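Sequential numbering from 1 along the given sequence is applied to the chain's residues. Every number for a ligand or one of its atoms is a count from 1 in the order of the listing. What you see is a predicted model; the values in this text were computed from it and never measured.
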Amino acid sequence: MSRKIKRRDFMRTGTVAGLTLAAAGKQTVGFPTIMTQSPIKPVVVASANGNRFKNGGNVTAVQKAFTMMTSGSNVLDALIAGVNIVELDPLDDSVGYGGLPNADGVVQLDSSVMHGPKKRAGAVGALEGVRTPSLVAQAVMENTDHHLIVGKGAQVFARNMGFKIEDDLNTDNSRKKWLEWKRRTDPDHYLNPAKRAAAGHRVALEMLAQGILREENLHGTINCDGINAKGEICGVTTTSGLAWKIPGRLGDSPILGAGLYVDGAIGAAGSTGRGEANLYNLCSFVIVEEMRRGAHPKDAGMEVLNRIKSNTIEKRLLNSRGLPNFGISFYIINAKGEYAGVTMYEGGSFAMCNENGPQTLKSEPLLQGKPSD
Ligand code: ASP
């Protein structure tokens, strides 16, 4: 495959391209069509918050990741540096510092990372006191023989790796929202789990309707995946998980194959939204497997959304149309640099950055209307 390239690209690829042409014994009369070293166009995709929050700086997560990646940084380092912006930004209360806490008011964070070329992975779950769980997940990958460390053990590991441990990652915003939730729910809810779940859900929906919460507050995460011109693919997912969760609950984000999956030869997929639906179907793994069989990222994403739809049969999870009453989205790239954002219901978006700069694009929905309809 060939394409005309700009002077800047020529500076980067011209020598290799020239050698390639010379080696192939091609005549280069006049101004030749330059063969680039790789037909892959580098790209970074992420959940929509990847092109929203800047933590007081000038760039969003996808911009940062793309710039670092195309300046030669390791793809995973670039992606993590991108999501660090969102983890550290207290304005995103679904990720990292200031993420909404669990039912006890404690912020517990989950994250996973995968390095395609190295075929390595790391993750942490229910980690307390570290603002950037993605960096701890990376430390698990780099420094241990394990893929997943959770709870107190994850915190001790982080301390041993030199991370600063803070008493409390709540901000005024996250604490205020948690207090409101606590005030509205039955303080004895552990006595009756069925009622507690119903009460928690009802109150959350009320708070949504009253504008105290946004949909992404309840479920919110950043997943960010990238491929560089060499075709190296990596991904990271990081989150404070489901708001008001039972302490210790892990969602999909730290679970390889669910919140994130990367196969360096095939592609990457990651997720935001109802983690339980993803865990049940191991969607990121399935997406990558679908792409291995030749599916385009968008079709692979639609396949898992359909599976989630078929596997959602509990009444409490269905709306009046008999369809899932929750949102879930996937962000996908393949080894050619093709990408997609797909989502259960219309209206979702995702972030993307390529040579033309960062953009927020419409995700492809499986269903029309709203989860609550
Ligand atoms: N998937 C995350 C979880 O279930 C939360 C989210 O992205 O909404 O923990």
note = Of Thr221, Asp110, Val95, the one whose closest heavy atom lies nearest atom 7 (O) of ligand 1 is Thr221
query = Counting each atom of ligand 1 from 1 as listed, which ones have a heavy atom of Leu242 under 4.0 Å away?
reply = 9 (O)
ask   = Thr272 and Thr221: side-chain donor and acceptor closer than 3.5 Å?
value = no
ask   = Aromatic rings Phe285 and Tyr261: how do their planes relate, parallel, tilted or perpendicular, breaks at 30° and 60°?
value = perpendicular
query = Which atoms of ligand 1 sit under 4.0 Å from any heavy atom of Gly241?
reply = 9 (O)
query = Should you measure from each heavy atom of Asp252, which atoms of ligand 1 turn up under 4.0 Å away?
reply = 1 (N), 2 (C), 3 (C), 4 (O), 9 (O)
request  = Could you tell me which residues satisfy side chain to side chain donor-acceptor pair (under 3.5 Å) with Asn49, sequence neighbours excluded, listed by chain and number?
outcome  = Ser47, Asp92
Donor on one side chain, acceptor on other, Thr360 and Asn51, under 3.5 Å = yes
query = Looking at residues at least two apart in the chain, or sitting in another chain, which of them share a ring pair (Phe, Tyr, Trp, His ring centres under 6.0 Å) with Phe157?
reply = none
inquiry  = Counting only nitrogen or oxygen atoms and a 3.5 angstrom limit, does Gly275 reach ligand 1?
reply    = yes
Heteroatom proximity flag, Gly251 to ligand 1, N/O under 3.5 Å = no
remark   = A student checking ligand 1 against Thr272 at a 4.0 Å heavy-atom cut-off should list atoms 7 (O)
message = For the 3.5 Å polar cut-off, considering only N or O atoms, please tell me whether Glu276 and ligand 1 meet it.
response = no
message = Quick check against the 3.5 Å criterion: does Glu346 have a side-chain atom that pairs as donor or acceptor with the backbone of Gly369?
response = yes
note = The answer for which part of Arg249 has a heavy atom under 4.0 Å from ligand 1 is side chain
message = Take a 6.0 Å sphere around CG of Asn160 and say whether it holds more than 12 heavy atoms from other residues, nucleotides or ligands.
response = yes
